[in-house]
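Heads up: the structure comes next, in structure tokens.
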2 protein chains.
Amino acid sequence: MAKASSTGVRPTIRMVAELAGVSTATVSYVLSGRRGDGGPGVSDPTAEKVKAAAERLGYRPNQAARAIRTGRTNTVILSLTMLSDPWSLSVIEAVQKAAVPLGITPMILGDADWVKVLGTHNADAVFVDAVRGNQRDDLRKLAARGTTLVVFDEVLDAEGFDVIRSIAGPGCRMAVEHLLHGHRRIACLTPATASGTSGGSRYRAYSDALASAGIPERQDYVGLFDGTTAGAYAASTRLLSMPDRPTAIYATTDYAAVSAINAAQRLGLGVGVDVDIIGVGNTVEGERMSPSLSTVGPVDFFDKLARRLLKRAAGHGDHDEPAVLDFPWHLFVRESAPHRSTATRLY
Amino acid sequence: MAKASSTGVRPTIRMVAELAGVSTATVSYVLSGRRGDGGPGVSDPTAEKVKAAAERLGYRPNQAARAIRTGRTNTVILSLTMLSDPWSLSVIEAVQKAAVPLGITPMILGDADWVKVLGTHNADAVFVDAVRGNQRDDLRKLAARGTTLVVFDEVLDAEGFDVIRSIAGPGCRMAVEHLLHGHRRIACLTPATASGTSGGSRYRAYSDALASAGIPERQDYVGLFDGTTAGAYAASTRLLSMPDRPTAIYATTDYAAVSAINAAQRLGLGVGVDVDIIGVGNTVEGERMSPSLSTVGPVDFFDKLARRLLKRAAGHGDHDEPAVLDFPWHLFVRESAPHRSTATRLY
DNA sequence: CTGTTAGCGCCTTCAA
DNA sequence: TTGAAGGCGCTAACAG
């Protein structure tokens with residue numbers, strides 16, 4: 001049984017070198033596993049001695065020190081504003097699956113204030129899931145300083161960083177039009193902050209589709225909430241408790257749609273029967289729940305996102321130009337808002 | 001309008017020094033804002049020059065380099081195994097609130113494999129939310145190497161690190177006994193993995209309480225699930241669809257209880273009326289939902305946890321001995337499992 | 001009050 | 001096949 005370092009001090013490469021009776025360079029070669037591919041060869045007995053010494057001391061290379069020398073951190077940062085949103089969990093899941101085999105560690109930044117953090121902390125690549133108007137300049141500055149960015153946004157251009165975009169507008173339009181096949185009294189459930197930001201296009205799809213169908217928009221059919229799950233639940237309850245309640249709800253995010261389903265069931269309404277509910281985003285949670293959530297969303301979005309991010313993180317030399325990646329949207333018809341024919345329509 | 005660094009290279013302290021016409025040391029003094037408190041003073045005009053130069057270049061100190069020198073990263077790592085659990089979100093929220101004013105950045109590690117990551121990445125303090133049996137040695141080794149740890153566990157001792165413990169046993173017992181006032185047919189909803197780990201005590205409280213009350217335990221009243229929300233929902237549906245369905249469900253986590261409530265409502269059962277549901281953990285989500293979730297849990301747990309972690313992260317000099325912190329549990333009677341008198345009991 | 005020097009732990013030449 | 005030396009960006013101790 002090795003005694004390990006009971007000194008309370010972290011073992012350094014130098015201690016390993018001393019214990020093995022070699023130089024620090026040799027240790028570095030052996031432990032970073034690069035001998036033979038152009039790097040100097042090290043004799044097997046020496047390599048063994050080094051490995052044994054490292055093991056005995058419990059040596060692990062110091063990433064901070066390595067980063068300062070190599071410029072690589074083997075880390076990607078995910079800046080996620082709404083951690084409770086299933087969308088964020090899907091991002092995390094996909095990135096983690098793709099990162100682990102590459103020896104890259106994903107670190108999650110829950111704070112919305114990524115500007116300050118990314119200025120001082122480095123990562124091989126950074127994913128940012130929401131950019132407010134006044135942060136556009138910060139993004140450009142970060143990119144100019146060499147930070148590798150992948151940004152999720154519907155309007156930004158690729159000014160030194162990748163932009164992942166999934167044009168919500170047409171997709172959302174499809175969602176509302178799907179409801180229009182069976183309904184006239186359609187409500188919209190959307191966070192209050194979304195009026196100005198990217199969510200705005202999701203709401204606009206609702207307005208436009210209704211207008212095209214010749215249905216006047218009712219103010220009391222717009223359920224604004226504060227962005228929380230509880231808020232979405234409350235707003236849904238209000239909508240579904242009205243005397244002339246809507247027969248369908250278009251929710252601008254999947255998690256809001258999930259809350260709406262729970263609220264409807266609480267009120268004793270059959271989801272997909274008495275009331276249809278459709279979401280936006282195509283998250284796994286929606287697919288797995290019961291009744292399964294009808295939704296619109298990009299296909300394979302999360303995997304593609306993860307691939308892009310890790311390609312940027314790993315491929316330090318490859319210089320694909322930063323680009324805008326556009327993901328097409330599909331309509332996923334499931335139980336919460338099934339197909340409606342003239343026979344089954346609710347008006 | 002400053003041109004900023006359009007070189008694609010991150011500005012260093014040396015560039016700032018050159019531009020300002022001073023030495024790097026002076027820059028360091030000025031920008032780390034420590035002049036006067038024992039450190040050398042710097043004249044105001046010089047300080048201004050330095051600040052202007054830094055601003056012009058968009059300079060931000062490199063945390064990795066600083067860390068290697070000072071041993072401090074201004075970072076805490078939260079290793080959270082089940083990010084979708086509201087419990088994790090509460091931890092994040094509390095830590096973030098406490099960390100920001102101290103200039104400390106919380107980084108979240110979603111990967112369950114913290115052993116590898118913490119070996120190479122450093123932080124001023126680390127919170128670990130789950131320790132498997134074979135990881136105990138790793139914990140000790142990490143602590144011996146100087147990693148500051150705060151571990152959430154019910155059985156570990158403080159072997160070089162803090163242990164936060166919230167003896168679930170007695171609290172869970174209270175939960176089941178609360179149900180026993182009004183019920184005889186009580187089911188238990190618990191993740192399958194919990195048989196061996198800390199969750200085991202939560203299940204044992206159920207067994208013991210039933211035994212003490214002279215009620216035989218029914219195998220078909222134990223709803224095992226895979227740890228996911230969807231799994232908990234499915235298991236709840238099965239329980240509540242039985243011919244002689246239970247009139248109460250004791251869920252070993254709040255998030256499972258939430259799923260059970262949704263399942264019950266889906267089946268048209270009145271929660272708190274036809275069926276009582278109680279959770280474990282006292283998360284905010286449970287408190288805010290409708291019907292509000294009855295539960296047991298420690299009081300002020302998350303804030304206390306955050307305070308401890310940040311005290312460890314900030315107080316580099318203070319050497320309180322690592323200790324076991326024990327948080328007492330309370331019973332929170334809310335709508336999903338109200339008080340039952342002999343008049344309102346369901347048997 | 002300011003600049004010089006010496007490292008932190010690691011990796012990468014270059015010479016032996 | 002190995003070792004010595006230099007430097008990454010930064011700060012701490014010591015000169016001036």
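Per chain, numbering begins at 1; letters A, B, ... match sequence-line order.
- Applying the side-chain contact (heavy atoms from CB on, under 4.5 Å) criterion to D138(A), with sequence neighbours excluded, gives V115(A), Q135(A).
- Here dG7(D) presents its C1' atom at 14 Å from CG of N62(B), a figure rounded to the nearest Å.
- Remark: T70(B) is not in phosphate contact with dA12(D), judged by side-chain N or O atoms under 4.0 Å from OP1 or OP2.
- Heavy atoms from other residues, nucleotides or ligands lying under 6.0 Å from CZ of R60(B) number 12 at most.
- A close approach under 4.0 Å does not occur between any side-chain nitrogen or oxygen of T24(B) and OP1 or OP2 of dT11(D).
- No hydrogens or angles were tested; on distance alone, nothing pairs the side chain of R69(B) with the base of dC10(D) as donor and acceptor under 3.5 Å.
- Distance E18(A) CD to dG9(C) P: 12 Å, rounded to the nearest Å.
- An OP1 or OP2 oxygen of dC10(C) is reached within less than 4.0 angstrom by no side-chain nitrogen or oxygen of S28(A).
- A rotation axis mapping the C1' atoms of four pairs onto the next four is fitted at both ends of the helix from dC1(C)-dG16(D) to dA16(C)-dT1(D) over five pairs, and the angle between these axes is 50° to 10 degrees.
- One finds no side-chain N or O of R10(B) lying less than 4.0 angstrom from the OP1 or OP2 phosphate oxygen of dC8(D).
- Atom C1' of nucleotide dG9(C) and atom CZ of R60(A) are separated by 16 Å, given to the nearest angstrom.
- A straight line from CG of L31(B) to C1' of dT2(C) spans 15 Å, rounded to a whole angstrom.
- In the set dC10(D), dG3(C), dC8(D), the nucleotide with an atom closest to the side chain of T12(B) is dC10(D).
- The shortest distance between the side-chain N/O atoms of Y59(B) and the OP1/OP2 oxygens of dC10(D) is below 4.0 Å.
- Taking atom CD of residue Q63(A) and atom C1' of nucleotide dC8(D), one finds them 15 Å apart after rounding to whole Å.
- Nearest nucleotide to the side chain of Y29(A), out of dT13(C), dG3(C), dT2(D): dT13(C).
- When the nearest nucleotides of DNA chain C are assigned to A25(B) and I68(B) by heavy-atom distance, the more 5′-ward of the two goes with A25(B).
- With the nearest nucleotide of DNA chain C identified for both A65(B) and G21(B), G21(B) has the one nearer the 5' end.
- Rounded to an integer number of Å, the gap from CD1 of I13(B) to P of dT2(C) is 15 Å.
- Comparing atom distances between the T46(A) side chain and each of dG9(D), dT2(C), dT1(D) picks out dT1(D) as nearest.
- R69(A) is linked by a side-chain contact (heavy atoms from CB on, under 4.5 Å) to nothing, counting only residues two or more places apart in sequence or in another chain.
- Computed from coordinates, the H121(B) NE2 to dC10(C) P distance equals 14 Å when rounded to whole Å.
- Note on R308(B) versus D162(B): salt bridge recorded, some NZ/NE/NH1/NH2 to OD/OE distance being below 4.0 Å.
- F327(B) pairs by the ring pair (Phe, Tyr, Trp, His ring centres under 6.0 Å) definition with F301(B), not counting sequence neighbours.
- For S79(A), there are no side chain to side chain donor-acceptor pair (under 3.5 Å) partners two or more places apart in sequence or in a different chain.
- A salt bridge is absent between D124(A) and R312(A); no separation between the charged side-chain nitrogens and carboxylate oxygens falls under 4.0 Å.
- Residues forming a side chain to side chain donor-acceptor pair (under 3.5 Å) with T81(A) (at least two apart in sequence, or on another chain): D129(A).
- N122(B) places its CG atom 13 Å from the C1' atom of dC10(C), with the value rounded to the nearest Å.
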